[in-house]
> 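One structure, pasted below without further comment.
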Amino acid sequence: MTLEEIHGQEPVPVGHDWMQGAGKALHELLVSAQRRGCLTAGVYESAKLMNVDPDNVAFCVLATDEEDEGDIALQIHFTLIQAFCCENDIDIVRVNDVAKLAAIVGPSEESGEPRDLHCILITNPNEDGWKDPALEKLNSFCEESRNVNDWVPTITLPE
């Protein structure tokens, strides 16, 4: 008898299709959130928003590149953000390609400058009726990942 059978859960699908579906959903969510003005980018901007209005945060994305892996300050920020997200029931994922995120999200609208994309928050819009299927798919993905003790799953964005 497997652990999934004991708890009455379906085993978590493993494989390329499952991860690819999550990557596509994340891409769709980022595009949709940016269009609606529900996207906050930057470690410090995200920390400020989470401190002021944590109930408004719907999803969190942490992103690094290979050169960021040795940045101790960034890793400390990530640890604190992850702890805050877990404490406030905010789903969170990691992405290992900041360049792909930059291609999706683009530069800052105010200055046109590249922005800090190491942390991106998706907030709830003011309209109560907004249900994003991509957000629901990512929430399910995160829940399934937690069922196998992967608390901050890594997602690969599509090309």
> Check Q82 against I92 and note the closest heavy-atom contact, atom names and distance.
CG-CD1, 3.7 Å
> Give, for atom CG of D89 and atom CG of N139, the distance between the pair rounded to the nearest 0.5 Å.
11.0 Å
> For P54, check side-chain contact (heavy atoms from CB on, under 4.5 Å) against everything at least two apart and list the hits.
F84, N88
> Would the number of heavy atoms belonging to other residues, nucleotides or ligands and lying under 6.0 Å from NZ of K137 be above 12?
no
> Looking at residues at least two apart in the chain, or sitting in another chain, which of them share a side-chain contact (heavy atoms from CB on, under 4.5 Å) with L74?
V43, T64, D68, D71, F78, H118
> If you round to the nearest 0.5 Å, how far is CD1 of I155 from CZ of R94?
12.5 Å
> Decide side-chain contact (heavy atoms from CB on, under 4.5 Å) for T154 and N96; before the verdict, give the C-alpha distance in whole Å, the side-chain angles of both, and the deciding distance to 0.1 Å.
CA-CA 7 Å; T154 300; N96 289 332; 3.4 Å; yes
> In Å, rounded to the nearest 0.5 Å, how long is the span from SG of C38 to CG of N124?
8.0 Å
> So if you build clusters from Ile, Leu, Val, Met, Phe, Trp, Tyr with side-chain heavy-atom gaps below 4.5 Å, do V152 and L138 land together?
no
> Between V61, D97, L26, which is the residue that forms a side-chain contact (heavy atoms from CB on, under 4.5 Å) with L157?
L26
> CD1 of I120 to OG of S46: how many Å apart, nearest 0.5 Å?
8.0 Å
> Do you know which two heavy atoms are closest between G23 and P158, and how far apart they sit?
O-CD, 3.4 Å
> Of all the heavy-atom pairs spanning A63 and L101, show the shortest one and how long it is.
CB-CD1, 3.2 Å
> Under the side-chain hydrogen bond (donor to acceptor under 3.5 Å, both in side chains) rule, collect the residues that match up with E28, sequence neighbours excluded.
none
> Listing request: all ring-ring contact (aromatic ring centres under 6.0 Å, His included) pairs with a residue in residues 24-73, at least two apart in sequence or in separate chains.
Y44-H77
> Taking all atoms of both residues into account, what is the closest heavy-atom pair of L135 and A58, and its distance?
CD2-CB, 4.1 Å
> Report whether I90 and L29 are members of the same hydrophobic cluster (ILVMFWY, side-chain heavy atoms less than 4.5 Å apart, transitive linking).
no
> Show, in sequence, the C-alpha distance, side-chain angles and deciding distance for C60 and L62, and conclude whether the side-chain contact (heavy atoms from CB on, under 4.5 Å) test is met.
CA-CA 7 Å; C60 180; L62 298 178; 4.1 Å; yes
> My understanding is that only residues two or more places apart in sequence, or in another chain, count here; which of them pass side-chain contact (heavy atoms from CB on, under 4.5 Å) with E67?
D65
> Under a single-linkage definition using a 4.5 Å side-chain heavy-atom cutoff for Ile, Leu, Val, Met, Phe, Trp and Tyr, are L39 and V98 assigned to the same hydrophobic cluster?
yes
> In a check of side-chain contact (heavy atoms from CB on, under 4.5 Å) between I122 and each of L30, D91, V57, which one passes?
L30
> Could you tell me which residues satisfy side-chain contact (heavy atoms from CB on, under 4.5 Å) with E136, sequence neighbours excluded, listed by chain and number?
K131
> Just verifying a value: how many Å separate E45 CD and D116 CG, rounded to the nearest 0.5 Å?
6.5 Å
> Can you confirm whether E69 is buried at CD, in the sense that more than 12 heavy atoms of other residues, nucleotides or ligands lie under 6.0 Å from that atom?
yes
> Supply the atom-to-atom distance L121 CG to T123 OG1, rounded to the nearest 0.5 angstrom.
8.0 Å
